[in-house]
Amino acid sequence: AHSGSGRPHHPPHAQRAELVFATCQTIKNRQRQNEGPQTNPRSLGRFDMNRDVFIIAEAGVNHNGDVRMAMDLIDAAAAARADAVKFQTFRAADLVRNDAPKAAYQQQSGPKGESQLEMIRQLELSKEDHRAIIAHCGHRQIRFLSTPFDFYSIDLLNGLGLDLFK
């Protein structure tokens, strides 16, 4: 994790979590009214795409490489009653060239002269980080999902026992 990197800490916004919670509640209440009792789609074992709603909270790289912030995002998603929380798994060196400049909007954050590779590398999560995040998802009873961006990440997620990718 990169919690000591000097980047600002951006805790999850309570208002956004409340909005997500209200939206999830509205969707699930409509579902119950229209279809009667539902199975628990968290397991996906009995998920019926014609009846069930499976809500994925997008964490992406909003953890800024900080495992504690990733856990805060998981907590917000669980509090909002999402069924899953999705992260991104990658190795920056497999995605970005050493000499790639930052995009104009990316230049507004981070140290002056920082390359896109340096910026993206700070958002990587290690295998140990993934294990801690997956364990926290289990504790909060929310499904962990991730989008792998490279072959290494596919192997990593497979090795951690994921049976579903996005």
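One is the number of the first residue; the rest follow in order along the sequence. Values in this document were obtained by computation on a predicted structure and should not be read as measured data.
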Between Arg68 and Asp66, is the closest basic N to carboxylate O distance under 4.0 Å?
no
Not counting sequence neighbours, which residues clear side-chain contact (heavy atoms from CB on, under 4.5 Å) with Glu118? List them please.
Glu114, Ser115
With a 4.5 Å heavy-atom cut-off, do Leu157 and Phe144 have their side chains touching?
yes
Checking Asn158 side chain against Asp155 main chain: does a donor-acceptor pair fall under 3.5 Å?
no
Glu124 to Ala92 - nearest heavy-atom pair and separation
OE2-N, 2.6 Å
Look up atom CD in Gln116 and atom CG in Asp99, then write down how far apart they are to the nearest 0.5 Å.
10.5 Å
Between CZ on residue Arg143 and CG on residue Leu164, distance to nearest 0.5 Å
5.0 Å
Approximate separation, where rounding is to 0.5 Å, of Ile142 CD1 and Asp83 CG
7.5 Å
Say you draw a straight line from NE2 of His136 to CG of Asp72; how long is it, rounded to the nearest 0.5 Å?
7.5 Å
Can you confirm whether Leu125 sits close enough to His63 that some side-chain heavy atom of one is under 4.5 Å from a side-chain heavy atom of the other?
yes
Under the side-chain contact (heavy atoms from CB on, under 4.5 Å) test, which residues partner Glu58, sequence neighbours left out?
Lys86, Gln88
Can you sort out the partners of Asn98 under side-chain hydrogen bond (donor to acceptor under 3.5 Å, both in side chains), two or more places apart, ordered by chain and number?
none
Does some side-chain heavy atom of Asn64 sit less than 4.5 Å from a side-chain heavy atom of Leu123?
yes
Partner residues of Arg131 under the side-chain hydrogen bond (donor to acceptor under 3.5 Å, both in side chains) criterion, sequence neighbours left out:
none
Identify, with sequence neighbours excluded, every residue that meets side-chain contact (heavy atoms from CB on, under 4.5 Å) alongside Leu95.
Phe90, Phe149
One should read off an interatomic distance between Ile154 CD1 and Leu162 CG, to the nearest 0.5 angstrom, of 12.0 Å
In plain terms, say whether Asp75 and Arg140 are close enough for a salt bridge, that is, a side-chain N and a carboxylate O under 4.0 Å apart.
yes
Under the rule for side-chain hydrogen bond (donor to acceptor under 3.5 Å, both in side chains), what residues qualify as partners of Thr89, not counting sequence neighbours?
His130, Ser146
Could you pull out the closest heavy-atom pair between Ala132 and Val67, with the gap in Å?
CB-CG1, 4.3 Å
If I take atom CG from residue Leu145 and atom CZ from residue Phe54, how far apart are they, to the nearest 0.5 angstrom?
5.5 Å
Yes or no on side-chain contact (heavy atoms from CB on, under 4.5 Å) for Phe87 and Ile74, after CA distance, side-chain angles and deciding distance?
CA-CA 10 Å; Phe87 291 86; Ile74 293 164; 3.8 Å; yes
Does the side chain of Cys137 reach to within under 4.5 Å of the side chain of Val85, using non-hydrogen atoms?
yes
